[in-house]
Amino acid sequence: MAGIEEVARATGVSTATVSRALRGLPNVSDTTRAAVRRAADELGYVASSSASGLASGRTLALGVVVPSVSRWFYTQVLEGVDSELRSASYDMILFNLGGHRGDRERVFHRSILRKRTDALLALCLDFTPDEREQLASLGHPTIVVGGPVKGLRSVGIDEKATARAATDHLIGLGHTDIAHLGGEDEEGLNSSVPTGRLRGFEKAMRSAHLPVRPEWVIPGGFTLPEGRAAMNRLLDQPGPRPTAVFAGSDEMAMGAILAAGDHGLRVPEDLSVIGIDDHDFAASFGLTTMAQSPFEQGAAATRILLDELGGAEPSPRSVRADATLIVRTSTAPPR
């Protein structure tokens with residue numbers, strides 16, 4: 001296996017520059033960084049994380065806390081995080097809570113303290129006072145992806161504005177009887193996401209002088225099966241039915257489309273459906289959605305942490321990610 005000296009000779013720079021380039025540290029030009037990485041790949045050089053840690057006092061590892069690895073949003077964020085870490089020759093240590101009722105005690109009181117990391121990124125989580133104390137004791141740069149958390153910076157979309165834009169799309173088509181399929185305030189997860197999306201829906205309806213029917217605001221659990229079951233329950237109710245539904249996630253929106261089929265309804269002729277995300281399956285369902293990029297959100301949050309670990313001035317500000325309307329075939333004017 002080649003050594004760092006051989007990479008330095010191949011690129012005509014110092015070993016210190018090779019080390020900085022491969023670790024993603026600042027004060028290295030993009031051209032030099034690319035040349036060093038190319039030479040390292042060709043020569044088969046792999047930086048020793050233990051040696052780098054001894055020299056810098058760092059572990060070259062980023063801790064990531066995720067509620068579950070089974071959700072589309074979480075896996076996309078993790079892909080974005082990993083893409084940046086690989087470029088910086090950093091490792092990722094994943095702390096999986098195993099669902100919203102997972103063993104948080106194990107993760108926050110033992111695992112994070114035992115595993116040496118340089119920074120921490122959390123997905124869609126809020127923290128108890130005791131967990132915040134544990135995080136503060138580490139002294140690590142910390143950031144959250146997926147909804148704002150009081151006292152911590154975050155990367156994510158404007159939940160309320162995105163939900164309002166989705167609802168406004170339905171209102172603009174002429175719909176007045178609109179339901180909302182929302183998430184749930186699951187214990188330990190970031191309640192600002194479902195709450196913000198509900199508030200955006202309500203604000204759009206009020207601004208258009210339209211009623212919000214309590215019986216048409218139902219929890220769908222952020223999953224396709226739960227969304228389908230919830231929409232079926234709504235459609236089973238006696239009395240008038242909504243002509244459109246704003247679902248707080250694409251998975252719930254896809255569940256609503258399937259529920260419409262369960263009741264012999266056509267989308268969009270009998271029921272228009274819009275979601276949030278631009279899930280990998282959204283185009284296959286013809287789903288109109290407010291598209292966001294969890295991959296880029298994960299990458300952006302990771303760049304912030306890596307820049308600070310490289311000596312950049314810490315930024316206390318949160319980052320607002322984009323959400324863009326993509327119109328497909330699941331929405332149309334009411335009959």
Side-chain angles (χ1 to χ4, degrees), residues 66-79 96-103 123-125 146-147 157 159 162-163 166-167 170 178-198 201 213-238 241-268 270-292 294-295 326 328-331:
V66 59
S68 166
V69 293
S70 62
R71 296 285 183 88
W72 173 83
F73 184 90
Y74 302 152
T75 57
Q76 289 293 302
V77 173
L78 289 175
E79 289 286 350
N96 179 23
L97 297 181
H100 72 275
R101 298 188 187 279
D103 188 0
L123 274 68
C124 301
L125 290 174
I157 62 173
E159 306 294 350
T162 301
T167 309
L170 298 174
I178 305 172
H180 175 50
L181 193 57
E184 297 173 305
D185 293 343
E186 297 178 343
E187 182 182 357
L189 297 190
N190 195 333
S191 62
S192 66
V193 175
T195 300
R197 295 178 186 184
L198 172 60
F201 166 74
R213 297 173 181 251
E215 67 274 19
W216 287 0
V217 178
I218 53 176
F222 281 117
T223 70
L224 188 154
E226 291 182 71
R228 183 178 189 175
M231 194 67 198
N232 270 317
R233 288 193 297 271
L234 187 155
L235 294 174
D236 285 338
Q237 295 176 10
R241 287 173 170 170
T243 62
V245 58
F246 158 53
S249 77
D250 280 359
E251 289 195 36
M252 290 190 290
M254 290 183 273
I257 291 174
L258 294 176
D262 294 339
H263 283 75
L265 303 177
R266 295 172 299 165
V267 174
D270 302 312
L271 183 72
S272 284
V273 181
I274 188 171
I276 292 178
D277 278 335
D278 201 24
H279 188 284
D280 289 346
F281 297 156
S284 299
F285 274 77
L287 180 62
T288 297
T289 187
M290 296 297 298
Q292 63 171 326
F295 179 98
I326 296 180
R328 297 192 177 102
T329 58
S330 69
T331 53

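Just so it is clear, the model here is predicted, and its values are computed rather than measured.
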Supply the atom-to-atom distance H180 NE2 to L198 CG, rounded to the nearest 0.5 angstrom.
-> 5.0 Å
Closest approach of G248 to F222 (non-hydrogen atoms, all atoms of both residues) | O-CE2, 3.7 Å
Note, W216 side chain near Q237 side chain (heavy atom, < 4.5 Å) = yes
Checking T331 side chain against S272 main chain: does a donor-acceptor pair fall under 3.5 Å?
-> no
Check whether any side-chain heavy atom of L271 sits under 4.5 Å from a side-chain heavy atom of M231, and report yes or no.
-> yes
Only residue of V217, V245, L234 satisfying side-chain contact (heavy atoms from CB on, under 4.5 Å) with L181 is V245
Of the non-hydrogen atoms in A260 and V267, which two are nearest, and what is the gap between them?
-> CB-CG2, 3.8 Å
Check A253 against G275 and note the closest heavy-atom contact, atom names and distance.
-> CB-CA, 4.0 Å
Looking at CZ of R328 and OG1 of T289, how far apart are the two atoms once the value is rounded to the nearest 0.5 Å?
-> 7.0 Å
Donor-acceptor under 3.5 Å (H279 side chain, F281 main chain) = yes
V77 vs V66 side-chain heavy atoms within contact, under 4.5 Å | no
Donor-acceptor pair, side chain of S192 and main chain of G147, under 3.5 angstrom | no
Say you draw a straight line from CG of D262 to CG of N232; how long is it, rounded to the nearest 0.5 Å?
-> 4.5 Å
Measure the spacing between CE of M252 and OG1 of T223 and express it to the nearest 0.5 Å.
-> 8.5 Å
Sidechain-backbone polar pair: S330 side chain, T288 backbone, donor-acceptor under 3.5 Å = yes
Side chains of I276 and F246: does their closest heavy-atom pair fall under 4.5 Å?
-> yes
So, for A282 and D250, which heavy atoms are closest and what is the spacing to 0.1 Å?
-> CB-OD2, 3.7 Å
Shortest non-hydrogen contact between V273 and A256, atoms and distance | CG1-CB, 4.3 Å
Main-chain N/O of Q292 paired to D278 side chain as donor or acceptor, under 3.5 Å = no
Report the distance from atom CZ of R197 to atom OG1 of T195, rounding to the nearest 0.5 Å.
-> 11.0 Å
Evaluate the side-chain contact (heavy atoms from CB on, under 4.5 Å) criterion for residues M290 and I157: first the C-alpha distance (whole Å), next the side-chain angles of each, then the deciding distance (0.1 Å), finally the verdict.
-> CA-CA 10 Å; M290 296 297 298; I157 62 173; over 6 Å; no
Please name all residues satisfying side chain to side chain contact (heavy atoms under 4.5 Å, CB included) with D280, sequence neighbours left out, ordered by chain then number.
-> W72, Q76
E226 CD to I218 CD1 distance, which is reported to the nearest 0.5 Å | 11.5 Å
Closest approach of A230 to P219 (non-hydrogen atoms, all atoms of both residues) | CB-O, 3.3 Å
So do the side chains of F201 and I178 get within less than 4.5 Å of each other, counting heavy atoms only?
-> yes
